[in-house]
Amino acid sequence: MSGKRRGWSDSAPLLAQQHSQQKSQHPYQPRSVSLEMTTSTVPATARSVFLGIDVGTGSARAGLFDENGKLLGSSSSPIQIWKDGDCVEQSSTDIWHAISAAVKAACSLAEVSKEEVKGMGFAATCSLVAVDAEGSPVTVSWSGDSRRNIIVWMDHRAVEQAERINSRNSTVLQYCGGALSPEMQPPKLLWVKENLPDSWSMVFRWMDLSDWLSYRATGDDTRSLCTTVCKWTYLGHAHMHQNNEKDSRDMEACGWDDDFWEEIGLSDLVDGHHAKIGRSVAFPGHPLGSGLTSTAAKELGLVAGIPVGTSLIDAHAGGVGVMESAPLSDSEPKESDKEALCRRMVLVCGTSTCHMAISQNKLFIPGVWGPYWSAMVPEHWLTEGGQSATGALLDYMVENHVASPHLANRAASQRISLFELLNKILETMMLDLKRPFLASLTEDMHVLPDFHGNRSPIADPKAKGMLCGLTLDTSEKQLALQYLATVQGIAYGTRHIVEHCNAHGHEIDTILACGGLVKNALFIQEHADIIGCPIILPRESEPVLLGAAILGAVAARKYCSLHEAMKALNAAGQVIHPSKDPKVKKYHDAKYRIFRELYEQQLSHRSIMAEALA
């Protein structure tokens, strides 16, 4: 997650001033690349370097890490996106070109030779890729444009298909919070079959984006337990007897529920031992094929045969990159390492936010995805909550305000981000109005942040956003208040998820956060105050890239397991503690009560209008 904003991204940063990267770019135009570097003091000849690649919704990024998990250099390259209403699409060809540019630029900037790269891994958004028998793109777009062969994670075209699937109450649904989201793959697959029959008949492989990237790099069609379990209804616990990564070579995909696919009208995906959706699966970090193919190596400027680890979804790579980042002084004794790990929740905060916690026993939590076995940390059950629009919502609220252009110009003249300027305005307002603390500025303004539906814990894709407390004021100060109320609304949503998980068996008392939004001090402090937990930030600024690089280190046999690599390469940075002022807690408790009431009011309004139109 570089300091450059990538626009629509599942794990994108928010706080940079780079409107240029938001603009659409034709996939075959020359690419601009943004770079970051940390100078290494280790002699080049002695280094073993691991490469992590992360594809978000707005850019592809590459990061190089040494054996201590220290970032040596990173780069990013923008990718094309097509957005038309609920349909959001991308091009796998364009993404691969962007990866190539980013990898070459990162190696050049960090002065890492291709021979020093000893392992690599991929992370990406949970987007759906369609290719034919030759590996060429198959359109998933109404436009018929063959480049547009990816349905992006945030695409909501399949809401009606998700409702139909959920109405059947299949047993697999209990492992995804009781209901499929339209952001998962089965509803999207059903939509394509029903609306684009020609494309449906042409597709030879349906793949999660991160699986497609590792397939493109190695020629190995093995799918990740992370992607298949989290987004495809694969039952990973079918492999509990194969309880470590060493047992995962050529693991036959025995976790598909054929009855489910037949019930929802996709029985053709069962054919050929599930060839189109995955005949074999592996734990994240498992080495794929014979490593990087000669073709891919030439395209990326690397050496053929480099070990490539089985991939992760980008947010889950962030979890791998931070979950063991507890400060040494706060660490539990070794005998309770597992218990301490299970009391943590990772927030990966970008365009959307993912909330991930693990447990030693499976916990069924209504409205929260999972329990997913070995989908992130092997031999642990993963609980995955989320908010579908966080960074995207802050962008929306700010950029659509009449005062935004003037404020953006002021920020640019001061060489700070628009959000840093808003934070300064709020500090000044607090002092001028003699308020007891900054959060109290929004006592008359409340935000329900469900502008792209509610992913967790209500699991209502039809939920709408709400903003209460507007006046005719169009000033910059009013914009600052709306921004603060939105930050708070997002944090109340996270508090709702944490409380809901704890009410169903978790014991979360520590938050680890990463992603672009954590660069915003106000965003993190409001979360700490509202949730009431300390928030640990990672030492490295690019934990998603680190998580992807860890996959490469495991594939290269540098570590015996993914968890061992996490313990060796994760490191804590700053710790943000909640306010000790009891007035702050009392204030947020009151606003949280209003936050919860807003959705109940919306349900009541929905019922009244449905009755009127019946």
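Worth saying up front: this structure is predicted, and the values here are computed from it rather than measured. Atoms considered below: every heavy atom in the structure, side chains included; atoms not considered: hydrogens, waters and symmetry mates.
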Has [X] got a side-chain atom pairing as donor or acceptor with [Y]'s backbone, closer than 3.5 angstrom?
| X | Y | result |
| --- | --- | --- |
| His380 | Met376 | no |
| Asp314 | Gly56 | no |
| Lys580 | His577 | no |
| Arg205 | Gly135 | no |
| Glu499 | His496 | no |
| Ser210 | Ala124 | no |
| Ser100 | His97 | no |
| Asp66 | Asn68 | yes |
| Glu420 | Ala411 | no |
| Gln525 | Leu522 | no |

Identify the heavy atoms of [X] and [Y] that sit nearest to each other, and give their distance.
| X | Y | result |
| --- | --- | --- |
| Asn570 | Gly321 | ND2-O, 3.1 Å |
| His239 | Val281 | NE2-CG2, 3.5 Å |
| Ala296 | Trp96 | CB-CZ2, 4.1 Å |
| Ser359 | Cys342 | CA-SG, 3.7 Å |
| Gly515 | Val518 | O-CG2, 3.0 Å |
| Ser456 | Gly385 | OG-CA, 3.4 Å |

Would you kindly say whether [X] and [Y] are connected by a side-chain donor-acceptor distance under 3.5 Å?
| X | Y | result |
| --- | --- | --- |
| Gln387 | Thr494 | yes |
| His316 | Glu384 | yes |
| Thr222 | Asp220 | yes |
| Thr293 | Thr295 | no |
| Ser388 | Arg455 | yes |
| His563 | Glu324 | yes |
| Thr383 | His506 | yes |
| Trp232 | Asp208 | yes |
| Tyr175 | Lys362 | yes |
| Thr227 | Asp211 | yes |

Before accepting this row, confirm whether a basic side-chain N of the pair [X]/[Y] lies closer than 4.0 Å to the acidic partner's carboxylate O.
| X | Y | value |
| --- | --- | --- |
| Glu299 | Lys104 | no |
| Glu564 | Lys567 | yes |
| Glu116 | Arg47 | yes |

Inter-residue atom distance [X].[atom1] - [Y].[atom2], 0.5 Å rounding:
| X | Y | atom1 | atom2 | result |
| --- | --- | --- | --- | --- |
| Ile358 | Leu363 | CD1 | CG | 11.5 Å |
| Asn520 | Leu394 | CG | CG | 8.0 Å |
| Ser311 | Met207 | OG | CE | 8.5 Å |
| Asp54 | Ile313 | CG | CD1 | 12.0 Å |
| Leu312 | Phe122 | CG | CZ | 12.5 Å |
| Ser127 | Lys231 | OG | NZ | 10.0 Å |

Any side-chain heavy atom of [X] within less than 4.5 Å of one from [Y]?
| X | Y | result |
| --- | --- | --- |
| Leu512 | Leu347 | no |
| Val55 | Ile79 | yes |
| Cys501 | Ile508 | yes |
| Met356 | Met345 | no |
| Leu71 | Leu64 | no |
| Ile550 | Tyr559 | no |
| Lys70 | Phe65 | no |
| Leu421 | Asn423 | no |

Show your reasoning for whether side-chain contact (heavy atoms from CB on, under 4.5 Å) applies to Cys533 and Thr510. CA-CA 6 Å; Cys533 292; Thr510 302; 5.9 Å; no

Is the distance from the ring center of Phe419 to that of Phe523 below 6.0 Å? no

Quick one: are the ring centres of Trp381 and His237 less than 6.0 Å apart? yes

Quick check on Gln360: does its CD atom have over 12 non-hydrogen neighbours (other residues, nucleotides or ligands) under 6.0 Å away? yes

Is the count of non-hydrogen atoms from other residues, nucleotides or ligands lying under 6.0 Å from Lys298 atom NZ greater than 12? no

Qualifying residue for side-chain contact (heavy atoms from CB on, under 4.5 Å) with Val117, from Leu300, Leu302, Leu292: Leu302

Mind running side-chain contact (heavy atoms from CB on, under 4.5 Å) on Cys226 and Tyr372 for me, showing each step along the way? CA-CA 8 Å; Cys226 176; Tyr372 298 140; over 6 Å; no

Would you check, one step at a time, whether the test side-chain contact (heavy atoms from CB on, under 4.5 Å) holds for Gln574 with Ile536? CA-CA 6 Å; Gln574 185 180 6; Ile536 301 170; over 6 Å; no

List the steps, then state whether side-chain contact (heavy atoms from CB on, under 4.5 Å) holds for Glu67 with Ser48. CA-CA 6 Å; Glu67 294 175 280; Ser48 289; 3.7 Å; yes

